[in-house]
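A, B, ... follow the sequence lines: proteins, then strands. Residue 1 opens every chain.
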Amino acid sequence: MTELIVQQQWFLWMTLLPLGAAVAAFLAPRQAHWIGLVTALLLPLCALAAIAAATLSETQTITAGNWPTPLGIALRSDGLALVMLAVTALVGFIISCYALGYFPVRGHHQSRARYFWPLWLFLWGGCNALFISGDLFNLYVTLELVTLASVALIALEGGKAALAAALRYLFISLLGSLAYLLGVGILYGTYATVDIILLGDMLAATRLNHAAMSLMIAGLVLKSALFPLHFWLPQAHTMAPAPVSAVLSALVVKCAYVILLRLWFEVFPALDTIAIGHLLGLLGSIAIIWGSLMALRQERLKLLIAYSTVAQIGYLFLVFPLAHTETMASAWIGGVLLMMAHACGKAAMFMVAGTIHHTAGSDRISRLAGAGGPIGVLVVVFTLAAGTIIGLPPSGGFFAKWLFINAALVSGQWWYLPIILSGTLLAAAYIARVLGWAFLDVKRSSYPVIPWMMKWPPLVLSIIALLFGLIAYEPVQLALSGAPVSSPVLVEFGP
Amino acid sequence: MSPALLYTGSGIILFSIGLHALLVHRHLLRKILAANIMGSGVFMVFIAMGVHGDSGVADPVPQAMVLTGIVVSLCFTAVAIVLAVRLNKLTGCTTLAVDEESSID
Amino acid sequence: MELALIFDLILLITLIALAWLLLASSDIFRAVVLFIAFGLLLALAWVRLGAPDVALAEAAIGAGITGALLLVGLGRLGSAEHYRGTRTRLTFLQRLSAPVLIGVMIPSISLILLLELSLHASATPGQQGLVNVLLDVSGTNHGVTAVLMNFRAWDTLLEKGVLLLALISIWSLDQARPLFRQNDISPQLTGLARLLLPIMIIVAGFVLWQGDHAPGGAFQSGAILSAGILLAILVGYTLPTRRQGLSLRLLLAVGFSVFLLVAAATLLSSDYLLKYPDSLAGSLILLLELVATASIAALLAAAVVGGHPPDDLSKPVDRSSAVNGGQT
Amino acid sequence: MALTDLITAFLLLGSLGFFLAGTLGLLRFPDLYCRLHALTKADNLGLGLVVLALMIQSDSWQVVIRLLLIWLLVLVAGATVAHLIARKAQQDGHQPWRR
C-alpha cells in the first residue's frame, strides 16, 4: 500500500486532474457541475496522498520528461508547494460546494454556470501547476493561465462594471507579466537557464541582475496588488460572482506572491536586496493602514472585504524586510502561515457576503440592520472567519502576526510593531462595524430560504480558519521540509 | 557594437514605447496594440540575448519560449478584444471609465 | 558584414519608428494597418536573428491572425474615444504617479538596461549544444520542435491549455455574430477562395511535415489553416448547425486533451511527466502535432469569429445588430 | 557566373524602378482608383523581376517552382484585394477623379 502511494507522483496528478476535468466540463456542459464536484472531492485526497508520498520519499525535484535540468522543466514537491497544494485543495473543495448552490443547475443562471466550471477548473489546475513549478518560464505560462481564467471569471457576471473590472485586470496583469518576462529573458541571456535552483547557485551581484530582479519583482508586485498598485483589486474582486471573489482573494493573489517568495529566497539571495526589502516593507506598512482605513469607510460588505485583502497583502510583504539571517525562518514561516490562514478566512468571508447578498438582495452594510436575527448563522460565520483576519488567538492569522512581531523584535526593526498592532485594531474596528449593524434591534421582514449549500460550506471553512493555529504545527513542519530557510523558528507552537 | 546587442537594445526600446503607450492611451484597441508592441520587445530581448558569438544561429530554447509567448499574447489579445467589444455594446464607450467607485449596484 | 549591420540598423530604426508612429497616430484604423506592417517587418528581424521558426509564427500569428482580430474588433468597436458618465477627479497620488512613472521610471529603466547590456559580454554558450546532443533521442530532427514537443513539452501543454481557455473565455462573453453582411460576397473573392483553399491545405500540411527537420510545425501550420477557414467564412461557408455542438467542441479541445492524455499515460507508465518511450517518441510527437494543428486552426478561427455558437442553452439574441467586420 | 550576377543586378535595378513608380503613384495619384491601379500593376511587375532575379540565383528547380508559385499567388491575391477595395469604394459612393 505504501509502495503504491510513494510510487505515484501525486502532486503531478493534481495538475493533470483539474485540467482534464476542465476539458470534460467544456465538452459536456450539462454534466459540468458533477464533473466539478467529483474533481473537487478527488483533489483533497490527492493532496493527502502527495503529502504522504513526500514524507516517505526523499526526492523533491523531478523534471518533466526526465531531461537534465538546464533543459528540462523542474517540478518540485517541496514544503511550500505541498502546503499550497493542500490549502488550495481544501479551499477549492469548499468553494466548489458553495458554487454548486450559488449557480443553480436550472434557471436563468444556466449559461453562467455552464462556463463557470471549466474556467474554475482551469484556474485550479493553473494554480497547482504554478505551485509545483521550479522553472521561471514555466511559472510565466502558469501565471498567464491563472490570469486568463481569472479575467474570464470576473467578467462572468456580465454587467458593465464587471466587464470594465475584468478588462482593467487584464491590462494590469499583462503589464505585470511582461515586466516579469523581460527579467526572465535577461536572466536567460546571461546564464542560459531558467531553472530556479541552478540560477540560485550561479547568480552574482551584478547590476544587470539587479535590473532583472527589479523588473521581475515590480511585475509580480503589480500582480499581487501591493499598496500603490492595488487600485485594480477592489473592483475586480467585488464585481465577480461570490465564489469567484472567494477564489480571487484566497488563491489568485497568492499565486504571484508564491513566485515572489521563491524568487526572493531561492533565486536572488546572493543579490543585495536590503533596500528593496525595506521599500516593500514600507509599502506593505502603508497598505496595512490604508487598506484598513478604506475598509472602515466602505458602504458595501464586499468592498470592505476586498480592502481588507489589500491590508492583508500588506502583511505578506512584511516578510521581505523582516527576513534577516537569524529571523529568516520566522518571517518566512509567518508569511506562509498568513497565506494559508488568509486563504481560508477570506474565502469564507466572501462566500458569506455572497449569501447575504443573495438573501438580503443587497450587500450594503446599512441594509444588514437587524440581520443578526433571521440570518444569524451567516453573521456568526462571518465573525468566525474574521477572527483570523483580525488575528484572534487560536487562528492562523494570530500565529503569523506573532511570528512577524517576533522577527521584528529580534532583528531590531521595532517600528513594524505599532503598524501590525494598529492594523489589528483597525481590522477589529471594521469587523465590529459590520456586527454593530447586524445586531441592531430592528425588526426585519422574513428573508428567503437560504439553500444549505450556501450556508454550511463557509461555516466549515471559517471554523477551520479560526482553529488553524491549533493544528498549525504539522503544516509548518511540512512547509519547512526543503524550505530555503534553515535557522530555527524562534517560537513554540501550540496553545 | 554587435548585431545581437543592437537587437537587444531595440527590444528594450520597443518595450518602453509600448509601456508608455499602454499607460497613456485610453482607447482600448490602442492599449491592446501597445501591449502587443511591449510583448514584441520582450521577445526580441529573449531571442537576441540567445544569439551567441558569430554563429548567427539563435539558441533553440528561447526560440521555443518565444513561440509559446507569442501564442499566449495572442490569446490575451483575442480575449481583450472580445471584452472590449462587449463593453462597448453595453456602455457605448471605447475606453475604460476613469472613475473607480461609480456604477456600483 | 558591414553591409549586414547597416541593414540591421535600417530595419531596427524602421521598426521603432513604426511602433512609435502607430501608437501615436490619431486614426486607429491606420494604427492597426501599421501594426500589421510592423509584424511583417518583425518577422524579417527574426530571420536576421537566425530564428526562422519565430519568423514564420510572427508572420502567420503575430501579423496575420492578430491583424484579423484587430480589424474585426475595430469594425465592431468604432474608433472614436467615447466617454460616458462623469469623470471623477483624480486623487493626488494618481495625479503624481502618472508623470513620475512615464517621465522618470520608464526612461531611467530603459537607460540603465541599455547601459548594462552594452557592458554585458555574453559568456554562456546557451543550450544549443545540449539540444543538439539530445536531438537524436528526441524523436524529431529539428531543434526548436524538439524543445517544444519534448524537452519543454510541459510548457507547450500548458500553452495549449491557455489557447483553449482563451476560447472558453470568449464563448462565455458573447455570442457569435456574422463577420459581414451576407448579401455582399464578391464573386471574385469566391473564385479566389476556391483557388486558394486547396493550396492552403497543402501548404499547411507541408509546413507541418517540415517541422520535423526544418523551421515549421504545428503553430505555423495551424495559423495557415485558420486563415483558410476565415477565407471560407468570408465567402459565406457556414458550419452546419448539427456540427456546431459537441463535434465543434471536440475539434477545439482535441489538441489539448490528447496532450493531457499522453501526459497522463507517460506519468502512469514511467513516473515522469511526458517522458516518451524511446521507440514511440517520433510517432507520439507526430500525433500530438497533427491534433494540435487541427485544434489550433479551429481555435484561432473561432477566436476571430468571437463568440459561442447559438445554442439551446442560451437566450436568443438579436441578430440584426450584426456589424460589418471588414473595413476598407 | 559573372554573367548571371550581372543579369540579377540588372533585374533587381529594374524592379526597384517599378517599385519606386508604384509607390510614387500611391502617394501622388489623385484618387483611390488611380492609386490602386498604380500599386497593383507596378508592384506586381516589380515583384516579378525580383522573383526572376532570385530564380537565376537559385541552384535547384524546386526553389524555382516555389518562387514562381509565390509570384502567382501574390498576383492572384493582389488582384482580388484590389478588386474588393475598389468595389467597396464604389459601393460607398467614391466618385472616380475627373480632370
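Annotation: the span from B:Arg86 atom CZ to A:Leu167 atom CG amounts to 13.5 Å, rounded to 0.5 Å. For the atom pair NZ of B:Lys31 and CG of A:Leu170, the computed distance is 11.5 Å after rounding to the nearest 0.5 Å. Rounded to the nearest 0.5 Å, atoms CG (B:Leu19) and CG (A:Leu178) are 9.5 Å apart. Rounding to the nearest 0.5 Å gives a distance of 13.0 Å between CG of B:Leu83 and OH of A:Tyr169. Atom CG of B:Asn36 is separated from atom CG of A:Leu174 by 8.0 Å, given to the nearest 0.5 angstrom. Between B:Thr68 atom OG1 and A:Phe137 atom CZ the span is 5.0 Å, to the nearest 0.5 Å.
Contacts of A:Leu71 with chain B are made by side-chain atoms alone, with heavy-atom separations under 4.5 Å and no backbone atom involved. Only the side chain of A:Val194 comes within less than 4.5 Å of a heavy atom of chain B; its backbone N, CA, C and O stay farther away. For B:Ala34, no part sits under 4.5 Å from any heavy atom of chain A, backbone or side chain. In this structure, chain B has heavy atoms under 4.5 Å from both the backbone and the side chain of A:Leu182. Looking at B:Leu22, the atoms closer than 4.5 Å to chain A (heavy atoms on both sides) all sit in the side chain, from C-beta outward.
The two residues B:Leu90 and A:Lys160 come nearest to each other via the heavy atoms CD1-N, 3.9 Å.
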Under the criterion side-chain contact (heavy atoms from CB on, under 4.5 Å), I'd like the reasoning laid out for A:Leu148 against B:Val72: C-alpha separation, chi angles, the key distance, then a yes or no. CA-CA 10 Å; A:Leu148 197 56; B:Val72 170; over 6 Å; no

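Classified by interplanar angle (parallel below 30°, tilted 30° to 60°, perpendicular above 60°), the ring pair A:Tyr188/B:Phe46 is parallel.
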